[in-house]
Amino acid sequence: MAATRAGPRAREIFTSLEYGPVPESHACALAWLDTQDRCLGHYVNGKWLKPEHRNSVPCQDPITGENLASCLQAQAEDVAAAVEAARMAFKGWSAHPGVVRAQHLTRLAEVIQKHQRLLWTLESLVTGRAVREVRDGDVQLAQQLLHYHAIQASTQEEALAGWEPMGVIGLILPPTFSFLEMMWRICPALAVGCTVVALVPPASPAPLLLAQLAGELGPFPGILNVLSGPASLVPILASQPGIRKVAFCGAPEEGRALRRSLAGECAELGLALGTESLLLLTDTADVDSAVEGVVDAAWSDRGPGGLRLLIQESVWDEAMRRLQERMGRLRSGRGLDGAVDMGARGAAACDLVQRFVREAQSQGAQAGDVPSERPFYPPTLVSNLPPASPCAQVEVPWPVVVASPFRTAKEALLVANGTPRGGSASVWSERLGQALELGYGLQVGTVWINAHGLRDPSVPTGGCKESGCSWHGGPDGLYEYLRPSGTPARLSCLSKNLNYDTFGLAVPSTLPAGPEIGPSPAPPYGLFVGGRFQAPGARSSRPIRDSSGNLHGYVAEGGAKDIRGAVEAAHQAFPGWAGQSPGARAALLWALAAALERRKSTLASRLERQGAELKAAEAEVELSARRLRAWGARVQAQGHTLQVAGLRGPVLRLREPLGVLAVVCPDEWPLLAFVSLLAPALAYGNTVVMVPSAACPLLALEVCQDMATVFPAGLANVVTGDRDHLTRCLALHQDVQAMWYFGSAQGSQFVEWASAGNLKPVWASRGCPRAWDQEAEGAGPELGLRVARTKALWLPMGD
Amino acid sequence: MSAHNRGTELDLSWISKIQVNHPAVLRRAEQIQARRTVKKEWQAAWLLKAVTFIDLTTLSGDDTSSNIQRLCYKAKYPIREDLLKALNMHDKGITTAAVCVYPARVCDAVKALKAAGCNIPVASVAAGFPAGQTHLKTRLEEIRLAVEDGATEIDVVINRSLVLTGQWEALYDEIRQFRKACGEAHLKTILATGELGTLTNVYKASMIAMMAGSDFIKTSTGKETVNATFPVAIVMLRAIRDFFWKTGNKEELGDEWLKPELFRIGASTLLSDIERQIYHHVTGRYAAYHDLPMS
């Protein structure tokens, strides 16, 4: 018999049956750091960039505190160099056919596959996350993402005809994140032809390694550049000329601040904010499996944040008992240990959760003891937190689960939707009808039925409300980095002296300008709110002149109170309208089209008075009617089903209405632009508050006369008045879900700035005129994209 | 031997509302396999522990007294003595939990174990094993005869048709009668989960079997097309935990369940795999087939 090498401990373990350490060797991660002399710089243009005279930050093992490497901090000039490299690379990269990009992405996937051990040990070593999650989850998904997007790139010319890449993308990642978050965003950006500058927080080597792997592939060195630097660089990167879009991922307040500071700047902004998730546990659920869902969401190093848990009162005791029992069996430990559930996430995460739990306790919640040992924080279950307490309003941090009861499914929806966040949620119910009711009713980006935290490259993931409305994965992820071909480049419209406090605050007073002269009948008068014409709150009017300067008529002078009433009316009408079938909505749009045609002569004569020729005026009326019919037909084919690897059952990609949409119409094309914006908004189930053309609102009011007879009350509300003032009221309104603004550069800047309040998606023209009579600009796919939001509904199947 | 499960009155409310979500349990099963590993001494100790849970089994048409004898000897000495010595475990009395045979071979097994001088229990399959498709009367008689021959554990199979048609009261009554026929012997109820259709049925059958007084519930006979799987085990363990919660027992399914009186693995080839792993742990080499004694 060969020599014995057994240790002495087996005897004790036989009795105690404890778990032992299962360390994963991280020698290769250390060896890689050695190749950099334990000093990490930035990876720019296919080369390591290690400028002199820079501050450096230590990269530490979060568990032992051992110094692994020092990381140089970028400064403004490094950012400029990286953006320049990406800009140069963009010219070549975007000019290549999609298949070339596809090949490159595939090669990157292969490189990752070959060096995955290095990637997963490095990531787990530095972030402290459980290695099993990185190895079996993240690294595999990273490869799938590359493969999926390679396929998208190869079919780009046909599938995405009419769209072109935006340009250089600035990607900003939060302090604690997985390199996977970066992959979700760079894959679609690179696939469609954009190039990327990623700003990662100090001491995150995995993105640098990825950039190196990509850079060493050869022909396109500058397409992925990674800088590590402090949060103070965020505005510098975002306002760097050449950056076309900023994709920001991080805390809600930082996103809000960035939204404000980027108002009027050149770059577009996509936000993905917050980390909290939601789980609804009904009394028909498989409670044990739902408890595993809680583990997946908050206690397994899979999800990034905490969990709000709603439990139906009738199963409260049972669920809590199982949760507590399960919690007791979770193991925390070194991330590189193969048998731990939760690793450590560093001191900042511990401080955050400790503060949250202490505060929750002081506000009356039960949460057990607050541990003081570091670096591990145990899974924590908070219950009895009073709903009105401050802790119940803020985001739940990792690894906390805040449980609260509900009585009925209806109440569950009210509670679940009663937060400003709209990230992801899961519904646990074995009753199909109930599960679908809840799944459709939740205002979030992703809903899993009887599962939590599943992800796939082909399924769009994103959010709504204050979780930001940017998307990654699936078709929606691609459109984030595309813009309609041929549209003029988005330019900065920043006006430094625009005073946000006073813009549109006061309405210049208007005086009577004499009696109306012109053809009868007199134009309709009033604000069209709640299905009828109403007198404005200010009880004053403004004169409208025709093209030759004569008085055409008076329109009501709307104000803040009228906007409030209009938004209220729109909200009242929303549930009924959104609940209609696309067919029913199309029928009403067609009815309105017919009514417009009946009113053709009046409308044409009013357009004539605005200076249009009779033929052109008649064409505009006809085109308007066509637009209504076209959107009615188009909306029939919205949403589709996705098939996902490994999941039996479908994922539904739903296109849901945004809610109440505020539209400020352009001055030109007083009828066509109004109808072109109204039609898609209504077709997709939104209700609208519209400010018609300031130059000639009378056309819109004519249409209102028909809407009054055709539509249910409140569907479309039209408020005339001072454009800037109404814009201000709408942009600052917290209960308006989205806003489109077609007008001046200053107004656009204000709208972008003000939207930071509830982070409503905005679409502002920045003073650029639009060819409303052209199909692409007046009724193109861009409108269809902006007029609804996506929701992914996962329906696993099996019995 | 531990005390018997006395069972409870049939309470259908314990199973009426239960729903087991199949895909979710499948995901859980995948996770369990990826989240807990043991290595080195821990692995060796755990493997030895697993040996003590094994019902060392032979259920073949060609069983005779000679291979039963060999099996019993292997049950007594499941791991080579020198390997155990190297692990300092030779004085722990490591044997398999039981020897499991067909009723007609119980006499042989009892005799062989007596000759080997050990008190490893003999388990006999009974009650129309493996299909359960015989008359209740003969099934009960089979149990009584096996007990008379000296079996102290009886592995019965349930009547799957009662589960599939939802006749829970009838199932409860049948197992109750098995229980009675067993007398002092332990009743181990095989659910044949591969033939129950759904995991919800597995949970319900588990609960009924325990209410009726089964001392063990087992997944499968080894003769169905699908036998013991992780998802099924998860559902049965949850059912056991719920049963103990409901009957007021404070115990939970944790480490304290890991003892041969409460946990068993029915297997015939598992033991040799374990022995090979132990061999590798002790020596650092992989064993040849002839290095380890056969069973």
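Just so it is clear: chains get the letters A, B, ... in the order the sequence lines come, proteins before strands, and each one is counted from 1.
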Testing the basics here: between A:Leu330 and B:Arg36, what is the closest heavy-atom pair and its distance to 0.1 Å?
CA-NH2, 4.4 Å
Hey, are A:Asp288 and B:Arg241 close enough for a salt bridge, meaning a charged N less than 4.0 Å from a carboxylate O?
yes
Between the OG1 atom in B:Thr200 and the CD atom in A:Glu430, the distance rounded to the nearest 0.5 Å is 7.0 Å
When you measure from the side chain of B:Trp46 to the backbone N and O of A:Glu18, does any donor-acceptor pair fall under 3.5 Å?
yes
Max heavy-atom pair count under 4.5 Å with chain A, selected residue of B:Val20, B:Val38, B:Val235
B:Val20
Worked check of side chain to side chain contact (heavy atoms under 4.5 Å, CB included) between B:Asn21 and A:Glu292
CA-CA 12 Å; B:Asn21 188 281; A:Glu292 291 307 322; over 6 Å; no
Could you look at A:Arg648 and say if it's the side chain, the backbone, both or neither that has a heavy atom under 4.5 Å from chain B?
neither
Go through it in stages, so that I can follow the logic: the residues are A:Asp283 and B:Lys17, the test is side chain to side chain contact (heavy atoms under 4.5 Å, CB included), and I'd like the CA-CA distance, side-chain angles, deciding distance and then a yes or no.
CA-CA 9 Å; A:Asp283 63 355; B:Lys17 269 170 80 180; 5.6 Å; no
Contact part of A:Val295 toward chain B, heavy-atom cut-off under 4.5 Å: side chain, backbone, both or neither?
side chain
Yes or no on side chain to side chain contact (heavy atoms under 4.5 Å, CB included) for B:Trp245 and A:Glu325, after CA distance, side-chain angles and deciding distance?
CA-CA 12 Å; B:Trp245 278 355; A:Glu325 203 265 340; 3.8 Å; yes
Below 4.0 angstrom, N of the basic side chain to O of the carboxylate: do A:Arg322 and B:Asp242 qualify?
yes
Assert top hit (heavy-atom pairs under 4.5 Å, partner chain A, pool B:His22, B:Met89, B:Arg35) equals B:Arg35
